[in-house]
2 protein chains.
Amino acid sequence: MTVEPLGNEEPALPLRERKKLRTRRVLADTALRMFLERGFDETTLEDLVNTVEVSVRTFFRYYSSKEEVAMAAEGELWEAYAAEVARLRISGPVLPRLRDCYAHAVRGLSEDWAERYLATRRLAARTPALRVHHAGTTQDLHERLVGMLEDELGIDGREDVRLRLIGEMALASVRYGTKNWMRTREHRGGSDDTETLITEVGRAFDALPSALALSPDTLARSG
Amino acid sequence: MTVEPLGNEEPALPLRERKKLRTRRVLADTALRMFLERGFDETTLEDLVNTVEVSVRTFFRYYSSKEEVAMAAEGELWEAYAAEVARLRISGPVLPRLRDCYAHAVRGLSEDWAERYLATRRLAARTPALRVHHAGTTQDLHERLVGMLEDELGIDGREDVRLRLIGEMALASVRYGTKNWMRTREHRGGSDDTETLITEVGRAFDALPSALALSPDTLARSG
DNA sequence: TGTATTTTGCCAGTGACTGGCAGATTGGCC
DNA sequence: GGCCAATCTGCCAGTCACTGGCAAAATACA
């Protein structure tokens, strides 16, 4: 493998684990770069594994599909977000807690994550297959989050849809916050991407109640 | 093709068109039946086209993927829904209009649609590939609906997210209304499925404002 | 009945993905 | 350092979804 070491991180892990982590990372980075350069559909899996110098069989031991390796950065975010919500003990309003979980999750990711994520989402925006994959993983995340919250709060979703609606709101906030973040980064490559993303998503979260309250004429049941 | 005529419908259409419509329909019906019996992954496309007695090449002139033919009933619904919203001229509250569009769309579908749709959703519930496809088409529908509404209302989504939130609300209502409908039909095969579906989705629509209003403690920004 | 247009079937190919098995690499133990 | 067990990797052969091209069949229309 033509890879230089990634520097000092987790010297506690055994060699084998570090090597696996590195392969996983190189696969995702190389895939993202190649997909951005040549296009997702135009780049075959064989192109990728030849570049990284692993076999096709090995690739599928790290990622379950071509789409998954392309969206690896988003996968990291969803995992971190779900992990934050999993360790949540709730008392009080749910929505701001979900907002904080998102912020914590993003801050816990590696330093260059934001840049990779921006590139990932730009790629997905112009690749139908990745948009579908994105929609699927987002839906799965929603199910996981709501399921965990229902367990934690002892709520039966069959009878009370409010929690599910809050889940939709939270995901909508993440969606539109991220969309705005991408827009701000559209014409200028800025630093401090991570905090900007958190700010934008947090803004979308905070704007939710007022946005809903501000449109009684459009939201109200009958005028 | 071992197919009996479907009876008296649209005698105005030329023979060729009727034949195409019938092939399209037989493909979807047969696919749904085979997928339900043997499972989606276990049924190959070749199994399907052998049963219907068309070539693989012909299949792909009617449906763009194995997933699409499985979800054909949902595709009809999305098309009808989008068409209703397209012809909408808005003055007043948006959400109830979207609810009515949905009801009109469902009522305009063929008589046995509800049964096929129920079977389709049950199949999707146990088939990961179809859940992903469902998430993708739902996302696409959302984009289409919001785009049309923005054009109609002259709203720029970059500045005003409220319309997009209303779109999310509408789709959430359709989701949970449909889920409840599936639940009511779970243990008893009932007739009048179409009106029951409309009722359930309408109930979800109508419950939205109160559901949001009823949970100030969980929705409010800070207590 | 003849002709133009559309639809279909066949063929050969690409590319994503998988199971099985042999060989290489690593971790733990002496 | 050397050895065994566990794990990881690469190769092979195969399945299946999906596609372009071209010739044959079916249909519309005169």
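This is a predicted model, so every value here is computed, not measured. In what follows, every chain begins at residue 1, and chains take the letters A, B, ... in the order their sequences are listed.
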Exercise. Could you check how far CZ of A:Arg24 sits from P of D:dT9, rounded to whole Å?
Key: 12 Å

Quiz prompt | Euclidean distance, atom CZ of residue B:Phe59 to atom P of D:dT19 [Å, nearest integer] | solution = 10 Å

Quiz item: How long is the line joining CD of B:Glu42 and C1' of D:dC16, in whole Å?
Solution: 13 Å

Practice problem: Starting at atom CD of A:Glu68, determine the distance to atom C1' of C:dC17, rounded to an integer number of angstrom. | Solution: 13 Å

Quiz item: Is it the case that more than 12 heavy atoms not belonging to A:Glu68 sit under 6.0 Å from its CD atom?
Solution: yes

Quiz item: Any chance CD of B:Glu42 has more than 12 other-residue heavy atoms, nucleotides or ligands included, within less than 6.0 Å?
Solution: yes

Practice problem: Choose from C:dC10, C:dA16, D:dA17 the nucleotide whose nearest atom is closest to any side-chain atom of A:Leu45. | Solution: C:dA16

Quiz item: Is the shortest side-chain N to carboxylate O distance from A:Arg97 to A:Glu84 below 4.0 Å?
Solution: no

Exercise. Examine C:dT8: is either OP1 or OP2 under 4.0 Å from a nitrogen or oxygen in the side chain of B:Ser55? Give yes or no.
Key: no

Practice problem: State which of D:dC8, D:dA26, C:dG20 makes the closest approach to the side chain of A:Lys20. | Solution: D:dC8

Self-check item: DNA chain C contacts among residues 125-137 of chain A, heavy-atom distance under 4.0 Å
Solution: none

Self-check item: Aromatic A:Phe40 / basic A:Lys66 pairing, under 6.0 angstrom, 45° off normal
Solution: yes

Quiz prompt | Enclosure of A:Glu152 CD (heavy-atom neighbours >12, cutoff 6.0 Å) | solution = yes

Quiz prompt | d(NZ, B:Lys66; C1', C:dC17) in whole Å | solution = 13 Å

Exercise. Check the distance between D:dC16's P and B:Glu67's CD and give it to me in whole angstrom.
Key: 15 Å

Quiz item: Which listed nucleotide (C:dG9, D:dC18, D:dG10) is nearest to the side chain of B:Arg61?
Solution: C:dG9

Quiz item: Between atom NZ in B:Lys19 and atom P in C:dT8, what is the gap in whole Å?
Solution: 8 Å

Practice problem: When you get a sec, tell me which of D:dC11, D:dC18, D:dG20 is the closest nucleotide to the side chain of B:Arg57? | Solution: D:dG20

Quiz item: A:Thr44 has a side chain; which of C:dG9, D:dA17, C:dA16 sits nearest to it?
Solution: C:dA16

Quiz prompt | Selection from C:dT25, D:dG10, D:dC18 that lies nearest to any side-chain heavy atom of B:Phe60 | solution = D:dC18

Practice problem: Not counting sequence neighbours, which residues clear ring pair (Phe, Tyr, Trp, His ring centres under 6.0 Å) with B:Tyr81? List them please. | Solution: B:Tyr102

Practice problem: Using whole Å, report how far OH of A:Tyr62 lies from C1' of C:dA16. | Solution: 20 Å

Quiz prompt | Contact list for residues 26-41 of chain B, test side chain to side chain donor-acceptor pair (under 3.5 Å), sequence neighbours left out | solution = B:Arg25-B:Asp29

